[in-house]
Amino acid sequence: MTDARPHTPATRKRLYKVGRRHHDYRIRPDGAKEWSRARLPFTRRHWLKWRGVQNPRTLARERVLVDKKPLWWALSLGALLVVTPFLPNSMINVASIFCMYAAINVLWTLIIGTAGIFSLATLAVVGMSGYAAAAANVYLGVPWPLMLLIGPLAGLLIGGILALPSTRLDGLYYALLTMGVAEICRIFVTQLRPLAPTNGSINRVGSFIPEDWFLQRPGLMLGFAGAFVLLLGALLVFRLVNSERLGLLLRAAKTAREDEAFSEACGIDFRRARMYVFLISSAALGVCGAFYAMYYRSISPSIFSLDQLLLLFAMMVIGGLGRSEGAVLGAAVVILIDRGLVELGPLRIVLVALIMGGVTIFAHEGLMGAHQQFRNFRNRKKSERRAVRTEKGGEVMPEEATEIADKQEIYYRRFNKRLRDELKTYITPELIEEHKRAPLGRHTDRLERVLNFFRRGEMPDKYAILRVERSMDRFRILAFSGERGAPPRVVDDKEYRSLSEAYHAVFLLRVNDLLES
């Protein structure tokens, strides 16, 4: 018999959507072909992080891309590479400057984010390496390709000198020390008349850009190509250091800074890790310094200025600390405003300061962390809406429901709770007495339902009967851990004289767990 009453809004029950499957692009691999995954050179990482999953609807094997960052990197850098040739000359120069500063910022992120060392001598390493390479080219006649070797050697030497105090100083003290080193370098090159007679500058530096093409469109395109390769090299160094064994040691050293004894007990030599990060990043910054001198065909003390350092710091704050994508995004925002909007005058610096203040107030981890921050905010609001509902019938907390990817688990818990509530009404003294008389064999319908529920239980904390070795008529009760390799635990020291008595003891334990659930 059907219900003839109209479904009015007052009588219609409202249903809430628990969730859907993620809209990820999935491919169906051929089961007859071998799944080969190429690795990055010199690493154990794969180019793309695929994961094999099973479609719960079609029961077919699928592959889903877990980490989509490589695709975003390829799309972003590919768009920059494609769009730049169609830009005017001034914007091509801005794109080249962006690539140079993004490379420097990525390497600086390696020091501050991965190693946790707040160093302000980044531009000092870049400037001194550039001066060393430019002086070798102008005064010693070294060809420009060898400048790319002199630069990292000079950066390695300066980084080794700066790394020594990092084992003793930390935080604000080390930041002040490195800031003083940068100022000393600026005064040194300004007062060094034999090498830099023109206001501390070295001019007519050899370059990979022909002299006839300098400041012309072919020269600008060639300079952009070199700066783009420099950015790719910096990203490769960041990936090799941050994602491999050295990066794990650096992050562990960053975590254990406040507990050096614990770090040493775990076998982590954080002092050596800090030395490594300085040497590697300083050598890479030396390449940036040599490229800087070749790109501009000169180098001046302005590279040591506090204005340049503050711009790098603004890039770090806007993009996000500790991430290469944050370093590149922050460099893009600051360089686009500072060099692309020159007609605004001093207002562009105010605009950078406003953006940096807004990001600091409203974003926890820069622009790159805004997506995860928004996702957490959305999940929190969903949890609040679920919390105000009065419907019952599930064991999933509102905060936990948003964290469960497979929503089928929520329905299973809800069904399991309703089933347990129904079975609790079956537990009576008569039912327990019936099982005690005959643990094995035929039972009534209610007792059989309870036993079937116990048999379908999950492996963790599931009970088993162990026969004592020294006697064939003594039994004990164990509980499985549910973890591979972990032995089961003994429930109690009580021994049972017969197998039927042990079966009934297990039944009582399961009944007790059911009533307490």
Side-chain angles (χ1 to χ4, degrees), residues 89 92-94 96-101 103-104 107 121-162 181-231 233-234 279 281-309 312 339:
N89 293 347
I92 295 177
N93 186 33
V94 171
S96 303
I97 296 174
F98 154 70
C99 291
M100 285 190 293
Y101 277 91
I104 296 173
L107 297 173
T122 303
L123 290 179
V125 178
V126 173
M128 294 303 295
S129 302
Y131 266 94
N137 175 261
V138 174
Y139 300 109
L140 300 180
V142 176
W144 67 263
L146 295 181
M147 293 175 61
L148 297 176
L149 296 178
I150 297 175
L153 291 177
L156 192 64
L157 178 62
I158 300 171
I161 297 173
L162 291 174
V181 170
E183 184 64 18
I184 290 174
C185 292
R186 186 187 67 83
I187 297 175
F188 174 75
V189 299
T190 304
Q191 299 297 327
L192 195 62
R193 297 299 181 183
L195 291 180
T198 309
N199 296 326
S201 303
I202 299 179
N203 303 316
R204 298 185 178 275
V205 181
S207 176
F208 61 95
I209 303 175
E211 189 174 358
D212 298 338
W213 289 4
F214 189 64
L215 296 181
Q216 301 298 323
R217 189 172 185 85
L220 293 176
M221 288 300 303
L222 187 58
F224 167 75
F228 188 81
V229 173
L230 181 69
L231 175 58
L279 294 178
S281 60
S282 297
L285 288 172
V287 178
C288 297
F291 182 87
Y292 183 91
M294 288 190 296
Y295 179 81
Y296 287 104
R297 303 184 71 91
S298 65
I299 190 168
S300 64
S302 61
I303 194 173
F304 301 103
S305 64
L306 184 61
D307 299 341
Q308 299 293 331
L309 180 62
L312 279 180
R339 301 299 178 94

> Which pair of heavy atoms, one from G151 and one from A290, lies closest together, and at what distance?
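Residues G151 and A290, closest heavy atoms: CA-CB, 4.2 Å.
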> So do I209 and W144 actually touch side chain to side chain, heavy atoms under 4.5 Å?
no
> In terms of heavy-atom contacts, does CZ of F208 have more than 12 from other residues, nucleotides or ligands at under 6.0 Å?
yes
> Within this structure, what is the CG-OG1 distance for the pair L312 and T122, rounded to the nearest 0.5 Å?
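Going from the CG atom of L312 to the OG1 atom of T122 covers 7.0 Å.
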> Could you report the tightest heavy-atom contact between L162 and A121, atom names first, then the distance?
CD1-CB, 3.7 Å
> Please give me the minimum heavy-atom distance between F214 and Y295, naming the atom from each residue.
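Looks like CE1-O, 3.6 Å.
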> Could you pull out the closest heavy-atom pair between F304 and M128, with the gap in Å?
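Heavy atoms of F304 and M128 come nearest at CZ-N, 3.8 Å.
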> What are the two closest non-hydrogen atoms of L107 and C288, and how far apart are they?
CD1-SG, 4.0 Å
> Find the distance between OG (S207) and CH2 (W213) and round it off to the nearest 0.5 Å.
12.0 Å
> Could you tell me which non-hydrogen atom of A227 sits nearest to which non-hydrogen atom of M100, and how far apart they are?
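Nearest pair, atom of A227 first, then M100: CB-CG, 4.2 Å.
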> Is the CZ atom of R217 crowded by more than 12 outside heavy atoms at less than 6.0 Å?
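Counting other residues, nucleotides and ligands, CZ of R217 exceeds 12 neighbours.
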> Please answer whether the main-chain N or O of P301 pairs with a side-chain N or O of S305 as donor and acceptor at a distance below 3.5 Å.
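No; zero donor-acceptor contacts below 3.5 Å.
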> Is L148 close to M294 at the side-chain level, that is, under 4.5 Å between some pair of heavy atoms?
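A side-chain contact under 4.5 Å exists here.
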> When rounded to the nearest 0.5 angstrom, what is the spacing between OH in Y292 and CG in L230?
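Between atom OH of Y292 and atom CG of L230 there are 13.0 Å.
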> Is R186 reaching over with its side chain to a backbone N or O of L306, donor-acceptor style, under 3.5 angstrom?
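Answer holds: no.
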> Quick check for you: to the nearest 0.5 Å, what is the distance between L156 atom CG and S281 atom OG?
10.0 Å
> CZ of R204 to CG of N137: how many Å apart, nearest 0.5 Å?
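One finds 12.5 Å between CZ of R204 and CG of N137.
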> How far does OG of S96 sit from CG of L222, to the nearest 0.5 angstrom?
9.5 Å
> Test side-chain contact (heavy atoms from CB on, under 4.5 Å) on L146 and L149; report intermediate values, then the result.
CA-CA 5 Å; L146 295 181; L149 296 178; 3.9 Å; yes
